[in-house]
Amino acid sequence: MDKLVLIDGNSIAYRAFFALPLLQNNKGTYTNAVYGFAMMLMKVLEEEKPSHVLVAFDAGKMTFRHRDYKDYKGKRDKTPDEFSEQIPLMKELLDRFGIRHFELHQYEADDIIGTLSRKADQEGFSVTIVTGDKDLLQLVTDKVHLLMTKKGVTDTDRYDPKKIDEKYGLKPEQIIDLKGLMGDPSDNIPGIPGVGEKTALKLLKQFESVEGVLDNIEDLPGKKLKEKVADNRRDAVLSKELATIMCEVPLDFSLDDLKYEGFSIDRVSPLLKELEFKSLLERIGGAGSSADEAEEMENISVKRVQPDETAEWESFLQQSPLTLYLEMSSENYHRADLLGVALSDGEQHLFLDWETAAGWEAFAQWLQDPEREKWCYDIKGNQVALRRQGLSSDGYSFDVMLASYLINASDSAHQLSDIAQRRQIGGLPEDEAVYGKGAKRRQLTGQELAEHLARKVHTIHQLKPILEKELQENHLDALFFELELPITHVLARMELAGVQVDRERLQQLGEELREHLEELTARIYELAGTEFNINSPKQLGEILFDKLGLPVIKKTKTGYSTSAEVLEKLAPQHDIAEEILHYRQVVKLIGTYVDGLLKEIYPSTGKIHTRFHQAITATGRLSSSDPNLQNIPVRLEEGRRLRQVFVPSEENWLILSADYSQIELRVLAHLSGDEKLIEAFQKGMDVHTKTAMDVFGVSAEEVTPLMRRQAKAVNFGIVYGISDYGLSQNLNIPRKEAGEFIRRYFDSYPGVKQYMDDIIQKAKQDGYVSTMLHRRRQLPEINSRNFNRRSFAERTAMNTPIQGSAADIIKKAMVQMDEVLRREGWKARLLLQVHDELIFEVPEEETDALSERVRRVMEGPVELAVPLKVDVNTGRTWYEAK
DNA sequence: TGAGTCACG
DNA sequence: ACGTACGTGACTCAC
């Protein structure tokens, strides 16, 4: 059977424009609307498999509707240029897809769609209309269905007459009556004032149509309503007329002309490539997609050095700088095998398989020679992997991964191929395209491996000067060379040192927790009256809300929410809630911290070697994985006991923990220059108590624990970029009350208020914010017209300088501390960093002296308007060092 | 693979 | 009116 798809081009594109971030390609062309439109187009082509397609656009500003009502669409904001300029690109895309598009002077896209759907319906087509506009529901029949965008761009609902009846209790043709009564502010259609969707639906149920309502004004409920309808009869009729889609538009083509024959990849992919729609390109497997590129890559010449030839290449190693790339068997460089090495001087690329490289004495010498400069991708990974092969390495002078991160920390991908692609350097396929992923992953060998690595070193070599220049242009070079590059070596040492774990103690804690879990499970089954999988939010939701009939507090996309926040609210009503909360805690402890950590212990040493990621977070913080040692429990005693398993690696050593007190609020005091906040810290006051005094207008003695708790939440809120809603959620109080707290906070600390306003202003001007050490975070959405996106960017603008400067400070302290430990010959070792805390292992006899030394270093990296304060604690385990 | 949940600062 | 606290990583379920 013939199937016609009619797409409301402007509606879908407009929707995409507001739903998606304002994407730009390398040439600065805005592409978000085209992207969303293309996504929808491809989805519809795949799912509907149409034989005929047409995309209708609106033509110009004036339509026949303006003749009847000159204010039609009168209150619309001007269409943004960033949107308008994307329309031609959409049409170009459609041409390449071989899809007809059409617009007609004086008519809207709706009318074209209406005319064609009517015609196709009569000729026995089945029709699907795609739009985000509810008005088009009037066109639905048994054979004309409508896909309406629900959320985002491609998430849609399908409407047929039955669905419209379910949702509104109306027949499709009554949609115009609905709009006649309620109007539509976005099109400036008046309707009847005071009549909204609820009233309109009620009236239509009884009287069928606008005319029916107008003929029976006496029977309408309520005096007010009678008056309003009577006074606005003309507007109601006019509104209905305006909402009526005109189905007799003169068209100079027939349905046959809309035949869709499928598209040619060769026609479509060049445009997708130009627009930089990588995922869509992948989807159609077009030229320039990774699969394609892997095949069509230009040849690269690489010298594969054989074991008996190494002597001939010693002179190559005399050059400086050289680019080095090591390929490993897996992501975790602590465990990975080394597969091969590539070296490049920019002209010539060498490849050695790992056995050959490992047996080459001159190579080992070159590696550890600090005078021989090495350019690299991920210095730390290389350094750790080499060290595990017994090789020292030094002289690393550039890291393209770190440079890329500093230039734009928000880029989700700092994979070498991504960095290159963003700078228009071709010739390097993505690892995924070469190696495959998941079950299809394969290892390369021989010439293939040699060539792939040659492409990588070559790419790094080309990128280095480009990135270095970008660093300079953005004043990031000092941060790069004086902080990020040095700290990468500190982190390498920390990771290699590892943390000793008391395996027996860990297993013992595991046993205790497992016993506890059994008790909890039994109790929950008893309270529920049945056995079920407590770990499944779905099953748990059914038990709580269907079986036990507890009130639904919150929903998620997929069903009932059973989050801790919800369970806490249910606790007064049913004992099961508290048990489940407790169960969840224990499951978490066993799964993530007992079994999770056991898996990560290296059998030969009993240590755990995390990896610190230096190029992940948007703010400049580190992150940690495999395992994450930055989120070991501390808040609740049951979990905190897990810290007992982290012990020193040598006899008679201790764990020493040094943490910054209120570093973020101190940074805020400094950045804002707020006198009162500065004074609070200078006087060594408890800042939350002080905030409570100011916000609640009481003396220190009058501050109750509740007041202090609330003040603390306000302080957190300030650091996060406050909103009344966020604070109200956190404190579980009405939004108005939260807003009042915030107002009083800003009254008390006007310098902070001023700072927040200024930083947002500056972000809007510059498009980025900076930390104390000039780290930048781009905020492309700070001027977005989408409220949510803009608000998020504004909160980020407030938070990032604070969180990021704190990150700068502790990183600088780490570099200095590492230097101090080595220069002054301490035996102690730095092991971990947890954002505002450094953890060392230290010989007993060094403990007291080191405590002072650490404090002095950590308190000194930057000069602030307030003192930095560091608390130091020591103990036999991490648990005791509190 | 994504969503939900929860551990940390 | 909009619908949110900032920054992470690991585990489990259900598709």
Side-chain angles (χ1 to χ4, degrees), chain A residues 18 185-186 409-410 437-438 532-541 554-567 580-581 583-597 599-600 610-613 616-636 638-640 642-643 659-660 662-664 668 713-731 735 738 742 769 777 784-804 806-807 810 832-837:
Chain A
F18 285 106
S186 72
S410 307
K437 63 171 172 181
F532 64 102
N533 185 349
I534 311 171
N535 294 324
S536 158
K538 189 158 163 265
Q539 293 185 34
L540 178 60
K554 208 171 102 184
K555 285 198 167 183
T556 66
K557 277 179 220 170
T558 51
Y560 306 121
S561 169
T562 65
S563 65
E565 184 197 331
V566 168
L567 291 171
I580 290 165
L581 282 166
Y583 172 94
R584 286 236 178 105
Q585 283 164 17
V586 176
V587 164
K588 183 89 179 177
L589 294 176
I590 294 173
T592 303
Y593 298 105
V594 176
D595 296 342
L597 287 179
K599 270 187 249 159
E600 297 288 347
T610 186
R611 287 185 297 147
F612 287 106
H613 304 283
I616 297 266
T617 72
T619 56
R621 276 190 177 180
L622 301 175
S623 82
S624 152
S625 76
D626 311 293
N628 180 355
L629 293 184
Q630 291 182 317
N631 70 347
I632 302 301
V634 68
R635 291 171 190 168
L636 299 169
E638 191 170 22
R640 187 176 198 149
L642 277 154
R643 296 189 169 216
D659 67 292
Y660 283 107
Q662 307 294 356
I663 187 166
E664 291 189 339
L668 173 62
V714 173
N715 278 328
F716 269 102
I718 295 293
V719 168
Y720 291 158
I722 196 117
S723 76
D724 52 2
Y725 181 86
L727 183 64
S728 78
Q729 289 297 299
N730 188 288
L731 285 175
R735 186 178 163 150
I742 294 167
V769 287
R777 179 170 183 181
S784 168
R785 275 165 305 274
N786 178 313
F787 176 87
N788 282 328
R789 295 175 180 283
R790 188 178 62 248
S791 303
F792 184 60
E794 287 172 358
R795 292 198 295 274
T796 309
M798 295 187 263
N799 172 262
T800 295
I802 301 172
Q803 191 182 121
I810 194 168
L832 298 173
Q833 186 250 44
V834 192
H835 309 308
D836 63 355
E837 176 186 17

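FYI, side chains are in, hydrogens and waters are out, and symmetry mates aren't considered; it's all heavy atoms of this structure. Here is the naming used below: chain letters follow the sequence lines, and residue numbers restart at 1 for every chain.
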Chemist: Could a donor-acceptor pair under 3.5 angstrom be found where the side chain of A/Arg584 meets the base of B/dG4?
Modeler: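 Answer is no: no donor-acceptor pair is held.
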Chemist: What is the distance, to the nearest angstrom, from the CG atom on A/Asn730 to the P atom on C/dA5?
Modeler: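 Whole-Å distance recorded here is 11 Å.
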Chemist: For the side chain of A/Gln803 and the base of C/dC6, is some donor closer than 3.5 Å to an acceptor across the two?
Modeler: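 Pair found.
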Chemist: Considering only atom P, compute the distance from C/dC2 to B/dC6 and round it to an integer number of Å.
Modeler: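 Here C/dC2 and B/dC6 have their P atoms 27 Å from each other.
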Chemist: For a quick check of understanding: with a heavy-atom distance under 4.0 Å over all strands, which category does A/Glu664 fall into, base, sugar-phosphate or nothing?
Modeler: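 It contacts nothing in the nucleic acid.
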Chemist: Of the nucleotides B/dG4, C/dA5, C/dG7, which has the atom closest to the A/Phe792 side chain?
Modeler: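 Looking only at heavy atoms from C-beta outward on A/Phe792, the closest nucleotide is C/dG7.
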Chemist: With heavy atoms under 4.0 Å as the rule, sort A/Asp836 into base, sugar-phosphate or nothing.
Modeler: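 Result for A/Asp836 = sugar-phosphate.
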Chemist: Using atom C1' in both nucleotides, what's the gap between C/dG3 and B/dC8 to the nearest angstrom?
Modeler: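 Approximately 26 Å lies between the C1' atom of C/dG3 and that of B/dC8.
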Chemist: How long is the line joining CG of A/Leu832 and P of B/dC8, in whole Å?
Modeler: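 It is 16 Å, rounded to the nearest whole Å.
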Chemist: Is A/Ile534 close to A/Phe532 at the side-chain level, that is, under 4.5 Å between some pair of heavy atoms?
Modeler: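 Side chain of A/Phe532 against side chain of A/Ile534, heavy atoms only: contact under 4.5 Å found.
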Chemist: Heavy atoms under 4.0 Å, any strand shown: does A/Val719 hit a base, just sugar-phosphate, or nothing?
Modeler: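 No contact.
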Chemist: For B/dC8, take OP1 and OP2 only and decide whether either is under 4.0 Å from a side-chain N or O of A/Arg640.
Modeler: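 A/Arg640 to B/dC8 OP1/OP2: no side-chain N or O under 4.0 Å.
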Chemist: CD of A/Gln833 versus P of B/dC8: gap in Å, rounded?
Modeler: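 Distance, rounded to whole Å: 17 Å.
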Chemist: With DNA chain C as reference, determine whether A/His835 or A/Asn788 sits nearer its 5' end, using the nearest nucleotide of each.
Modeler: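 On the 5' side of the pair lies A/Asn788.
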Chemist: Does A/Ile632 reach a base, just sugar-phosphate, or nothing at all? Heavy atoms under 4.0 Å.
Modeler: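 Sugar-phosphate only.
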Chemist: Which nucleotides of nucleotides 8-13 of chain C have their base under 4.0 Å from a protein heavy atom (B), which only their sugar-phosphate (S), and which neither (-), written as one string 5' to 3'?
Modeler: SBBSSS
Chemist: Mind checking if A/Ala564 touches a base, just sugar-phosphate, or nothing, with heavy atoms under 4.0 Å?
Modeler: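 The residue A/Ala564 makes sugar-phosphate contact but no base contact.
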Chemist: Tell me which one of A/Gln539, A/Lys554, A/Arg584 satisfies side chain to side chain donor-acceptor pair (under 3.5 Å) with A/Thr562.
Modeler: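 The single option meeting the side chain to side chain donor-acceptor pair (under 3.5 Å) with A/Thr562 is A/Arg584.
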Chemist: In whole angstrom, what separates A/Lys555's NZ from C/dG3's C1'?
Modeler: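 Going from A/Lys555 (NZ) to C/dG3 (C1'), I get 18 Å.
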Chemist: Given B/dG4, is OP1 or OP2 found less than 4.0 Å from the side-chain N or O atoms of A/Ser561?
Modeler: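 Result: no.
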Chemist: Any idea which of B/dA7, B/dG4, C/dT4 is nearest the A/Arg735 side chain?
Modeler: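 That would be C/dT4.
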Chemist: Mind checking whether A/Thr610 and A/Leu832 have side chains closer than 4.5 Å, heavy atoms only?
Modeler: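 Touching, per the 4.5 Å side-chain cut-off.
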Chemist: Within the structure provided, determine whether A/Leu629 and A/Val834 are in side-chain contact (heavy-atom separation under 4.5 Å).
Modeler: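 Of all side-chain heavy-atom pairs linking A/Val834 with A/Leu629, none is under 4.5 Å.
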Chemist: For A/Asn535 and A/Tyr583, run side-chain contact (heavy atoms from CB on, under 4.5 Å): C-alpha distance rounded to whole Å, both residues' side-chain angles, the deciding distance at 0.1 Å, then the answer.
Modeler: CA-CA 9 Å; A/Asn535 294 324; A/Tyr583 172 94; 3.3 Å; yes
Chemist: Quick one: does any side-chain atom of A/Asn799 pair with a main-chain N or O of A/Gly721 as donor and acceptor, under 3.5 Å?
Modeler: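 A pair under 3.5 Å: no.
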Chemist: Check the distance between C/dG3's C1' and A/Phe18's CZ and give it to me in whole angstrom.
Modeler: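 Taking CZ of A/Phe18 and C1' of C/dG3, I get 17 Å after rounding.
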Chemist: So, OP1 or OP2 of B/dG9: does either fall under 4.0 Å of a side-chain N or O from A/Arg621?
Modeler: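 So the side-chain polar atoms of A/Arg621 never come under 4.0 Å of the phosphate oxygens OP1 or OP2 of B/dG9.
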Chemist: Rounded to whole angstroms, how far apart are CG on A/Leu540 and P on C/dA14?
Modeler: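 Taking CG of A/Leu540 and P of C/dA14, I get 11 Å after rounding.
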Chemist: Tell me: OH of A/Tyr720 to C1' of C/dG3, nearest whole Å?
Modeler: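 To the nearest whole Å, that distance equals 19 Å.
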Chemist: If you define the side chain from C-beta out and look only at heavy atoms, does anything of A/Ile590 sit under 4.5 Å from A/Asp595?
Modeler: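 They are in contact (side-chain heavy atoms under 4.5 Å apart), so the answer is yes.
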Chemist: Any donor and acceptor pair, going by atom type alone, linking the side chain of A/Thr556 with main-chain N or O of A/Gly559 inside 3.5 Å?
Modeler: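 Yes; judged by distance alone, with no hydrogens or angles, the pair exists.
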Chemist: Which is true for A/Ala713 with a 4.0 Å heavy-atom rule: it touches a base, it touches only sugar-phosphate, or it touches nothing?
Modeler: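 A/Ala713: base contact, heavy atoms under 4.0 Å.
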Chemist: May I ask you to evaluate whether A/Thr562 reaches the phosphate of B/dT5, defined as a side-chain N or O under 4.0 Å from OP1 or OP2?
Modeler: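 Yes, A/Thr562 has a side-chain N/O under 4.0 Å of OP1/OP2 on B/dT5.
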Chemist: So, is A/Arg789 close to the C/dG3 phosphate, meaning a side-chain N or O under 4.0 Å from OP1 or OP2?
Modeler: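 No, no such contact exists.
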Chemist: Both distances below 3.5 Å, Watson-Crick or wobble geometry, any strand: find the nucleotide opposite C/dG7.
Modeler: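 Looking at the geometry, C/dG7 pairs with B/dC8.
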Chemist: Taking a pair as Watson-Crick or G-U wobble with both distances under 3.5 Å, which nucleotide is matched to C/dC15?
Modeler: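 Pairing partner: none.
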Chemist: I want to check one thing: is the phosphate of C/dC6, taken as OP1 and OP2, less than 4.0 Å away from some side-chain N or O of A/Arg795?
Modeler: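 Answer yes for this pair, as a side-chain N or O of A/Arg795 is under 4.0 Å from OP1 or OP2.
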Chemist: Is the shortest heavy-atom distance from the side chain of A/Ile722 to the side chain of A/Met798 under 4.5 Å?
Modeler: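 No - every pair of side-chain heavy atoms lies 4.5 Å or more apart.
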Chemist: Rounded to the nearest angstrom, tell me the gap between atom CG in A/Leu567 and atom C1' in B/dG4.
Modeler: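 It is 12 Å, rounded to the nearest whole Å.
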